[in-house]
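Worksheet for the structure shown next.
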Amino acid sequence: MRRCATPAARPRIRPLTEVVLRSMATVLSIADALRERFAQAISTAFPDAADSDPQLRRSDRADFQANGIMSLAKPMRANPREVAARVLENLGSDQVIANLEVSGPGFINVTVTDAAILESLAARAADARLGVGSDAEAGVTVIDYSQPNIAKEMHVGHLRSTIIGDALVRTLEFTGEKVIRRNHLGDWGTQFGMLIQYLVEHPAELGDDTEPEDVGPSMSRLNRLYKASRAKFDSDADFADRARRRVVQLQAGDAETVASWQGMVDESKIYFEAVYARLGVLLEDADAVGESYYNPMLADVCADLEASGVAVRSDGALCVFFDDIKGPNGEPTPLIVQKSDGGYGYATTDLAAIRDRVGLLGANQVLYVVDSRQALHFQMVFETARRAGWLPDNIRALHLGFGTVLGKDGKPFKTRSGETVRLMDLLDEAVDRARTVVAEKSPQLATEELEDRAKQVGIGAVKYADLSTSRTRDYIFDADRMVSLNGDTGTYLQYAYARIQSILRKAPDGATPTAHQNLALEPAERALGLLLDEFGTTTDLVAETFEPHRLCAYLHSLAAAYTAFYEQCPVLKAPSREVTETRLLLCQLTGQTLRQGMDLLGIGTPERL
RNA sequence: GCGCUCAUAGCUCAACGGAUAGAGCACUUGACUACGGAUCAAGAGGUUGCAGGUUCGAAUCCUGCUGAGCGCACCA
């Protein structure tokens, strides 16, 4: 079972005790506690509507509002305000609710006590996971992301897949899921005939190291090799023939051919790992399970599909057809699992991968962070796998598409010369800009320290720019925005974190961050405290929806609430020791929450900027 | 032709069917003898593409239309 984060997804309200017993460290959020109580009150007042959702939400008119009364009253043909009154009668009283009020057509506005907020803060600050539970019944997720191609430069599309995938891996793991990463390298296929053949005919090509560049000498050589062989392939028919024969030799396992292929793979991996290291993502060599890995399984996959009748021969190719998928001419468009020349395409590889991931790795959820343009492909692959029995109904398969990266002209992003932007150049520019700003603000820094901060800030800015926008939509690539250090950026979060650490370092001797329960809270303190209480709800939501931008939005509002608090509520110069200690706790917990949340996004939190 | 995605402030983007649609950038004004100004406060900026429908309530759900992008047989 997956965790149920959103009220709508919650099938029924469980008794409070059951929730608490799930994990001793888990802190029930104030919102969840209120939701339970409203559900109980509705159930008691109107037993026939026991499953009615109170629709408890944050409110700009009070701390919370319950919106469910109107939809509850409707089928009863009752006055919503009277229904609200009945519910309130059954709500009981305790130390959490400070004020209740029926408002407008039937909203119930809820104000909670300062003590309830302080209690939540104290409990969360005392727990390493900030009071957020980990689902003991979580499953196994295999997530496929990054997917660069051998002998080709990574581009902004790979960047997006890599960054989004990394954030999802971290977030899913945080919620308790067992996550298996898969980097489905493009390391197999017909293009390798061209590359290998060119290399055989121009053996000096890979050895030439006269042009060491920042992207790494290996990649610039491979890139040149790719372009040269492509040009030769397109212009020289004889070479194209030799290249096609070379593909056959590769698939047949010819020693010299395989060695040449392996050399390119190894060379490319050096480059990929350099990119991953610079980005600070979790992907490692063991996660790189490329298309070639599935090569030995392809014949078997096809044989199974044909034997079971899922796939049939059509024009010499082995195809799977679908009733509702047709081409421009009205003819059905198949998924081709074996070409008429006997070769296999990526569809077959994807099918083999599903079989492997579900059957061997034990996944009960398989995810693909891939450009949205491949939606139809995955629809066909998943449907085929279902028919073949490799993807049972209780296993979830999802294509987590992301929008195409567009240039300012609204067309897929290219540089002026029509080439894809080099990833390392983009990252270098981001780090360069960050270094300039950091050096300006902290001129005394040693080189090593400066470099470390510049990297965390620059890379963090790139990641945040990518993660903070909704995953699905296309987005306009804007290098200035991506490496911007002002506004709604990763740097804003890092700055808030650094200021928190600064204030904690200056805490007077003997002042321990403590939530003194008897204190009355300022508005900015209450706002911050209530927001801190929502962290677990947010991470659950991200794990449910696979939308990291919701965590970005949460962290940004948290940082904004902190700076408002910072402006309005002196910490070190507070009127009393108790107030100082309570505010220190707010600072500390905000810092912990920012650090944890940014870690889930893969963004670093330097102690100082 | 069919299908998928999308259309929100000048720009880039948010908004779990709830009350007055929010941020950032840019613009205007104000706050630096600073618990770190990479900041904050205030202002201006909207018929949520158009038209219907469902609902007590729609940017959100449904239908149609307009406009844009993408995909649709042996490339991945």
Side-chain angles (χ1 to χ4, degrees), chain A residues 5-9 55 57-61 65 67-68 70-71 73-74 80 103-107 109 147 149 186 188-191 291 314-319 324-341 343-347 349-350 371-377 379 401 403-404 406 410-412 437-438 440-441 457 465 468-470 472-476 478 480-481 484-489 491-492 494-496 498-499 501-503 506-507 537 541 545 549-550 552-553 556-557 560 563-564 566-574 580 583 587 608-609:
Chain A
T6 56
Q55 297 182 38
R57 309 282 142 83
R58 288 301 304 272
S59 174
D60 54 356
R61 310 192 165 206
Q65 61 186 52
N67 300 334
M70 276 94 74
S71 46
K74 183 60 181 171
S103 169
F107 296 100
N109 292 341
Q147 308 119 346
N149 295 313
W188 201 251
T190 48
Q191 77 274 20
E291 295 175 321
S314 170
D315 290 346
L318 188 60
C319 301
D324 51 350
I325 300 178
K326 295 188 172 72
N329 54 7
E331 295 298 308
T333 300
L335 183 75
I336 295 176
V337 294
Q338 187 178 26
K339 297 188 284 184
S340 52
D341 68 1
Y344 305 105
Y346 73 134
T349 310
D350 279 337
D371 192 308
S372 296
R373 287 176 288 195
Q374 302 211 29
L376 181 63
H377 166 72
Q379 186 190 328
T404 308
L406 306 175
K411 294 176 180 170
V437 177
V438 172
E440 182 188 327
K441 304 281 180 186
V457 172
S468 60
T469 178
S470 131
T472 326
R473 290 177 34 148
D474 289 351
Y475 86 66
I476 309 289
D478 182 345
D480 287 336
R481 189 177 70 88
S484 169
L485 308 181
N486 297 310
D488 179 12
T489 62
T491 313
Y492 180 78
Q494 289 170 325
Y495 181 63
R499 291 211 293 187
Q501 299 317 306
S502 170
I503 215 166
K506 290 180 181 164
T537 307
L541 188 63
T545 61
H549 81 273
R550 296 179 186 278
C552 292
H556 179 259
S557 63
T563 51
Y566 182 89
E567 298 283 329
Q568 292 161 31
C569 304
V571 176
L572 304 180
K573 298 169 189 165
T580 291
R583 288 179 179 171
C587 292
R608 301 168 203 260
L609 288 187

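In the text below, chain A, chain B and the rest are named by the order of the sequence lines, each starting its count at 1.
Comparing the C1' positions of B:A19 and B:G57 gives a spacing of 9 Å, expressed to the nearest Å. The separation of B:A9 from B:U66, taken at their P atoms, amounts to 23 Å, rounded to a whole angstrom. Across the P atoms, B:U12 and B:U8 are found 9 Å apart, a figure rounded to whole Å.
Along RNA chain B, the nucleotide closest to A:Arg481 and the one closest to A:Gly345 are compared, and the more 5′ of them pairs with A:Arg481. Residue whose closest nucleotide on RNA chain B sits further toward the 5' end, between A:Pro328 and A:Gln191: A:Pro328.
As judged by a 4.0 angstrom heavy-atom cut-off over every strand, A:Pro334 is placed among the base-contacting residues. Here A:His377 lies out of heavy-atom contact (under 4.0 Å) with every strand. Among the heavy atoms of the strands, none lies under 4.0 Å from A:Thr404. Within the 4.0 angstrom heavy-atom criterion, no nucleotide atom of any strand lies near A:Glu331. No engagement by A:Thr349 is indicated, since no non-hydrogen atom pair under 4.0 Å with the nucleic acid exists. Among the protein residues, A:Ala317 comes within range of the nucleic acid bases, having at least one heavy atom under 4.0 Å from a base atom. Across all strands, A:Asp341 comes closer than 4.0 Å to no nucleic acid atom at all (heavy-atom distances). A:Thr491 comes within 4.0 angstrom of a nucleotide base, judged by non-hydrogen atoms across all strands. Residue A:Cys587 is classed as having no contact, given no heavy-atom separation below 4.0 Å to the nucleic acid. Among the atoms of the strands shown, only primed sugar atoms or phosphate atoms (P, OP1, OP2) are found under 4.0 Å from some heavy atom of A:Arg550. Within the 4.0 angstrom heavy-atom criterion, base atoms lie near A:Ala498. Within the 4.0 angstrom heavy-atom criterion, only backbone atoms of the sugar-phosphate kind lie near A:Thr333; the bases stay farther away. Note on A:Asn109: a base of the nucleic acid sits closer than 4.0 angstrom, heavy atoms only. Base engagement by A:Gly327 is indicated by at least one non-hydrogen atom pair under 4.0 Å involving a base atom.
Taking OG1 of A:Thr333 as the start and CD1 of A:Ile325 as the end, the distance is 7.5 Å to the nearest 0.5 Å. For the atom pair OG of A:Ser484 and OH of A:Tyr492, the computed distance is 13.5 Å after rounding to the nearest 0.5 Å. Note that the CZ atom of A:Arg473 and the OG1 atom of A:Thr404 stand 13.0 Å from one another [nearest 0.5 Å]. To the nearest 0.5 Å, atoms OH (A:Tyr344) and CG (A:Leu318) are separated by 9.0 Å.
Taking only side-chain atoms of A:Gln65, from C-beta outward, the nucleotide of B:G18, B:U12, B:A73 with the closest atom is B:G18. Checking B:A76, B:A14, B:C72 against the side-chain heavy atoms of A:Glu291 singles out B:A76 as nearest. Side chain of A:Thr190, nearest nucleotide from B:A38, B:G18, B:C75: B:C75. The side chain of A:Thr563 approaches B:C40 more closely than any other nucleotide in the set B:A38, B:C72, B:C40. When the nucleotides B:A38, B:C35, B:A73 are ranked by their closest atom to the side chain of A:Lys573, B:C35 comes out on top.
Counting heavy atoms from C-beta on, the side chains of A:Arg481 and A:Tyr475 come closer than 4.5 Å.
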Original post:
So A:Ser71 and A:Gln55, side chain to side chain donor-acceptor pair (under 3.5 Å) or not? Walk me through it.
Top reply: CA-CA 10 Å; A:Ser71 46; A:Gln55 297 182 38; 3.3 Å; yes
Original post:
Could you walk me through whether A:His549 and A:Thr469 pass the side chain to side chain contact (heavy atoms under 4.5 Å, CB included) check?
Top reply: CA-CA 6 Å; A:His549 81 273; A:Thr469 178; 5.9 Å; no
Subject >> Test log, rule side chain to side chain contact (heavy atoms under 4.5 Å, CB included), inputs A:Met70 and A:Phe107 >> reply: CA-CA 8 Å; A:Met70 276 94 74; A:Phe107 296 100; 3.6 Å; yes
**OP:** Please assess A:Val457 against A:Leu609 for the test side chain to side chain contact (heavy atoms under 4.5 Å, CB included), listing each intermediate value before the final yes or no.
**Re:** CA-CA 8 Å; A:Val457 172; A:Leu609 288 187; 3.8 Å; yes
Original post:
Passes side chain to side chain contact (heavy atoms under 4.5 Å, CB included), A:Ile503 versus A:Leu572? Steps please.
Top reply: CA-CA 8 Å; A:Ile503 215 166; A:Leu572 304 180; 4.1 Å; yes
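Pair assignment for B:U28 gives B:A42, based on Watson-Crick or G-U wobble hydrogen-bonding distances that are each under 3.5 Å. Across all strands shown, B:A14 remains unpaired; no Watson-Crick or G-U wobble contact has both distances below 3.5 Å. Using the Watson-Crick or G-U wobble rule with both distances under 3.5 Å, B:A19 pairs with nothing in any strand shown. The base-pairing partner of B:G57, taking Watson-Crick or G-U wobble contacts with both distances under 3.5 Å, does not exist among the strands shown. Searching all strands for a Watson-Crick or G-U wobble partner of B:G64 with both distances below 3.5 Å returns B:C50. In a base pair of the Watson-Crick type (N1 to N3 plus N6-O4 or O6-N4) or a G-U wobble (N1-O2 and O6-N3), with each distance short of 3.5 Å, B:G37 is matched with no nucleotide. Nucleotide B:G71 has B:C2 as its partner under the Watson-Crick or G-U criteria, with both atom distances under 3.5 Å.
Rounded to an integer number of Å, the gap from CG of A:Asp324 to P of B:C72 is 16 Å. To the nearest angstrom, P of B:C2 lies 12 Å from NZ of A:Lys326. Distance, A:Leu318 CG to B:A73 C1': 13 Å, rounded to whole Å. If you take CG of A:Asp474 and C1' of B:G71, they are 13 Å apart, rounded to a whole angstrom. In this structure, A:Gln568 places its CD atom 8 Å from P of B:A41, rounding to the nearest Å. Rounded to whole Å, the distance from CD on A:Gln55 to C1' on B:A58 is 14 Å. The separation between A:Tyr475 atom OH and B:U12 atom P is 14 Å, rounded to whole Å. Per the geometry, OH belonging to A:Tyr566 stands 6 Å off P belonging to B:C35, to the nearest Å.
Ring stacking holds between A:Phe107 and B:A19, with the centres under 5.5 Å apart and the planes within 30 degrees of each other.
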Please list, pair by pair, any protein nitrogen or oxygen found under 3.5 Å from a nitrogen or oxygen in nucleotides 22-25 of chain B.
| from | atom 1 | to | atom 2 | distance (Å) |
| --- | --- | --- | --- | --- |
| B:G24 | O2' | A:Asp488 | N | 3.3 |

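Contact between the side-chain N/O atoms of A:Arg57 and the OP1/OP2 oxygens of B:G18 is found at a separation under 4.0 Å. Between A:Tyr344 and B:A76, a side-chain N or O to OP1/OP2 separation shorter than 4.0 Å is absent. Between A:Tyr495 and B:A38 there is a side-chain N or O to OP1 or OP2 distance below 4.0 Å. The side chain of A:Arg499 contributes an N or O atom lying less than 4.0 Å from OP1 or OP2 of B:G37.
Taking the six-membered ring for Trp and thresholds of 30 and 60 degrees, A:His377 and A:Tyr346 have nearly parallel ring planes, at less than 30 degrees apart.
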Original post:
When you check every protein heavy atom under 4.0 Å of nucleotides 5-10 of chain B, what one-letter string (B, S, -) results, 5' to 3'?
Top reply: -SS---
